[in-house]
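Please read the structure below before turning to the comments.
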Amino acid sequence: MATTSFSKRLYQNPLLSLLQNARTNSQILQIHAQLICRALVSDLFVASRLLFAICELSNSSSVDLTVAYVELIFSQIHQPNTFSWNTIIRFHSRTSKPLRALLFFSQMRKNGIFTDNYTYPFVLKACASMPGRREGLVVHGEVVKGGFDEDSFVRNGLISMYCRSGDVQLGRKLFDGFQSRDLVSWNSMIAGYVSCGEIGEAQKLFDAMPDRDAFSWAILIDGYGKKIGDVGRARELFDAMPDRDLVCWHSMIDGYAGLGMMGPARELFEAMPERNVISWSILIDGYVRHGDPKEALDIFQQMLHHGMKPDKVSAVGVISACAQLGALDQGRWVHFYLKKNRILFDVVVQTALIDMYMKCGSLDLARRLFDSMHERSVVTWNVMIVGLGVNGYGGEAVELFYQMEKEGALMDDLSFLAVLTACTHAGLVAKGWQIFDRMRSDFRITPMAEHYGCLVDLLGRAGRLHEARNVIETMPMKPTSTLWGSLLAACRTHRCVDLAEVSVEQLKNLGADDSGVYVLLSNIYAEEGMWDDVWRIRKLMSARGMKKEVGRCVIEVNGEVHEFVNGDVSHLEIFAVLWSLSNKVASV
DNA sequence: CAAGGAGCAG
C-alpha cells in the first residue's frame, strides 16, 4: 500500500514533467542532479523515465550528451526492465551505432529479460545497417518463435532488413505474404528496391499502391534524383505531388545540388513555403561542394538574418567555406559565434575548424584546438597531418603520425597519403619510403594508386627520377595520368629532357595531354636552349587550339572576400604595392 | 507508467 502511494507521488513529481520539457544539456544535468539529491533515481520508474527523456533528446541539435553518459544512466538502473532495455537499444539504433545496439540486445537476452514487439523494430534496423552479418536471420527466427511476425512494425522491419542486406527477393516474399500490410509496408518495399538500384520495380509498386503519403513520393524523388541522377524525372514527380512536405523539397533541392545545378536548386529554395535549418544547410553545402564558397558564406549570413539558428551541420558547411576561401577572420567569427550561442561542438565541427585554421595558415590556433580535444577521429588526425605538411612542417607532420601510431588511433588510407605528402614537401625521402613499405606489413592497408603517386612525387622531387619511373612501371595497377604528370613536373625541376619526353608520350597514350603538359614540356626545352623543339611544341599547341588556362585566386581582406582573375586590373592599389615592391627588389 | 517500422543535411 505504501509503495503504491510512493509511486503515485513519484509519477506526479514535477521534476518528471520538467524532464519531458527539457531542451538542453544543462537542463537535463540539473534535473538529474536534483533527482539524485532527493534520492529518487533509485526508483526503477524514475530511472527509466530519466533514461528515456535523455534518449529522446539526443536527436535534438541543442543537446549533446555523450554516449558514455547515456550508458552510465543505464548502468545505474538496478534491475532494468524490458522498457529500459528497449530504450537503450533504440538510442543506439537511432544514432546509428548498430554494433552497440546489437551488443545491448544480446546482453538483454543473456540476462533473461523478456523481449516484446517494441524490441524488434530497432534490433532489425541495427541488423539492416550491418549487411553481411548473419544476425538478421537469427533475429528473424526469434521473431517467428515469439509470434511477433504478424505485428506490422516488426514485419516491416524484417522487410527492410532483408532489402538492405541485399536480399530483395526475400523482402518481397515477406511483403507479398503479409495479409495486413499497411502503407509503411509499401513504402519499406519501395525503399528497398530503390536502395538496391531497382528503381523500375520501385516505380511499379508505387503505381500499384492503394494510397500514398509524403514518404512514398519522397523515396522515389530521392531515388531518381540522388541515386541515379535523373533530376528531370524527379522533378516531374515533385511537380505532380499533391501535398509536399519539407523532406520532398529537400530531396529535390539536394538532387539538383548533388549534380552541381545550383541555379535550379536556388530557385526551388527561394520558392519554399517554409524553411528549417536543414533547408539552409543543403544550400550551403551545395555551394561549398561545387566551388562557390563565397556564395555559401553569403547564404549563411542570410540565414542568420532570417533569425535561423545554425546547428552543427550548417556550421561545418560554413567553416569549410571559410577554409576554401582562406577567410580566417570569418572563420574565427564563426568559431566565436558557435561558442557564444552554445551550439554544440562535436568532433566533426572541431575537425572542420582545425582544417580551416590550417588552410588559413593559422597553425597555432589549429594546434591549440587539437590539443584541447578529448576525442579525436581519424579525420582529425589526418587534417592535422596534412595541415602541418602543406604549411611546411613536414618533420612535425611525421612526428604527429608517429604519435598517432603510438596512441593506437585508427588509421586509414588517407592518413598515409597525408604523411607521405608531408614527407614529399619536407624532402624526407628515406622516412617516406620506409612508411610506404610499412603500410602493408605493419598496418595492413594496401597501397592504392594515390599512394604510389606520393612515392613517385617523393622520389621525383628529390631528383631520383629513374627510381620514380621504376615505381610507376612496376606498380601493381595501371598508372594514371597524374603519375606521369608528376614525373614530368619533376623532370622540369631537375632538367631531364629524356624522361620528360617519355612522360609526355605516356600522357598522350592516356589521352591526358592537355595544354599544361605541353607548356611544361616547352619550358623544359627552353631551359635547355632547344629552341627548335620549343617551336615544334608551340605549333602543335596552336594547331590543336590549345590555350593557357586563366589563373584565378580568392583572398580575404578585412573580412571581405575578393576574387582576382589573371589580367584583372580593377584593383589598382595592389598594382601600386607590387610596383613599389619590385622596385625595392631591383634596387637591392 | 512511459515506446516502435519507411524518406532528407556534415
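What you see below is based on every heavy atom in this structure, not just the backbone, and it leaves out hydrogens, waters and symmetry mates. Model, not experiment: these values are computed from the prediction. Throughout, protein chains are lettered first and strands after them, A, B, ... in sequence-line order, and every chain is numbered starting at 1.
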Ignoring the backbone of A:Phe83, work out which of B:dA6, B:dG7, B:dA2 is nearest its side chain.
B:dA2

Quickly work out the A:Glu56 CD to B:dA3 C1' distance and round it to whole Å.
8 Å

By nearest atom, which of the nucleotides B:dA3, B:dC8, B:dG4 is closest to the A:Phe153 side chain?
B:dG4

Nearest-angstrom distance from the residue atom CD1 of A:Ile343 to P of B:dA9
21 Å

By nearest atom, which of the nucleotides B:dG10, B:dC1, B:dC8 is closest to the A:Asp222 side chain?
B:dC8

Looking only at the side chain of A:Asp311 (C-beta and beyond, no hydrogens), which of the listed nucleotides B:dG10, B:dA9, B:dG7 gets closest?
B:dA9

Rounded to the nearest angstrom, tell me the gap between atom CD1 in A:Ile221 and atom P in B:dG7.
15 Å

Under 4.0 Å between a side-chain N/O of A:Arg164 and OP1 or OP2 of B:dA6, yes or no?
no

So, does the side chain of A:Asp346 form a donor-acceptor pair with the base of B:dG10 at under 3.5 Å?
yes

Is A:Ile278 touching bases, backbone alone, or none of the nucleic acid, heavy atoms closer than 4.0 Å?
base

Give a yes/no on whether any side-chain N or O of A:Arg90 is located under 4.0 angstrom from OP1 or OP2 of B:dA3.
no

So what does A:Arg181 hit on the nucleic acid, given a heavy-atom distance under 4.0 Å: a base, only sugar-phosphate, or nothing?
nothing

Would you kindly give the CZ-to-P distance between A:Arg49 and B:dA3, to the nearest whole Å?
8 Å

Need one value for A:Tyr118: base, sugar-phosphate or nothing, where a base atom within 4.0 Å counts as base even if backbone is also close, heavy atoms only.
base

Looking only at N and O atoms, is any donor in the side chain of A:Asn86 or the base of B:dG4 less than 3.5 Å from an acceptor on the other one?
no

What nucleotide, of B:dA2, B:dC8, B:dG10, holds the atom closest to the side chain of A:Val313?
B:dG10

For the aromatic rings, using the six-membered ring if either is Trp, is the centroid distance between A:Phe175 and A:Trp186 under 6.0 Å?
yes

Of the nucleotides B:dG10, B:dC1, B:dA2, which has the atom closest to the A:Val348 side chain?
B:dG10

Would you say the ring centers of A:Trp280 and A:Phe269 fall short of 6.0 Å from each other?
yes

OP1 or OP2 of B:dA9 under 4.0 Å from side-chain N/O of A:Arg289:
no

Any donor-acceptor pair under 3.5 Å linking the side chain of A:Arg212 with the backbone of A:Phe206?
yes

For the pair made of CH2 in A:Trp217 and C1' in B:dA6, what is the distance, rounded to whole Å?
17 Å

Among the candidates B:dG4, B:dG7, B:dA6, find the nucleotide nearest to the side-chain atoms of A:Ala218.
B:dG7

Within the 4.0 Å heavy-atom criterion, would you say A:Asp116 contacts the bases, only the backbone, or no part of the nucleic acid?
base

Selected nucleotide, minimal atom distance to A:Val154 side chain, candidates B:dC1, B:dG10, B:dG4
B:dG4

With a centroid cutoff of 5.5 Å and a plane-angle limit of 30°, would you call A:Phe215 stacked on B:dA6?
yes

When rounded to the nearest 0.5 Å, the distance separating OG1 of A:Thr119 from CZ of A:Phe105 is 7.0 Å

Please determine whether any donor N or O and acceptor N or O are separated by less than 3.5 Å between the side chain of A:Asp151 and the base of B:dG4.
yes

Are any of the side-chain heavy atoms of A:Tyr357 and A:Arg368 separated by less than 4.5 Å?
no

Nearest to the side chain of A:Ile219, which nucleotide is it out of B:dA3, B:dG4, B:dG7?
B:dG7

Derivation and outcome, side-chain hydrogen bond (donor to acceptor under 3.5 Å, both in side chains), residues A:Gln107 and A:Asn111:
CA-CA 6 Å; A:Gln107 281 180 11; A:Asn111 293 357; 5.8 Å; no

Does any donor atom in the side chain of A:His92 or A:Glu71 lie under 3.5 Å from an acceptor atom in the other side chain?
yes

For A:Ser152, answer base if it contacts any base atom (sugar-phosphate contacts may also be present), sugar-phosphate if it contacts only those atoms, and nothing otherwise; contact means non-hydrogen atoms under 4.0 Å.
base

Checking B:dG7, B:dA2, B:dA6 against the side chain of A:Ser160 (C-beta onward), the nearest is B:dA6

Need one value for A:Ser48: base, sugar-phosphate or nothing, where a base atom within 4.0 Å counts as base even if backbone is also close, heavy atoms only.
base

Please give, in whole Å, the distance from B:dG10 P to A:Ile282 CD1?
8 Å

CZ of A:Arg94 versus C1' of B:dG4: gap in Å, rounded?
9 Å

What's A:Arg155 touching, base or sugar-phosphate or nothing? Going by heavy atoms closer than 4.0 Å.
nothing

Whole-Å distance separating the CE atom of A:Met108 from the P atom of B:dA3:
17 Å

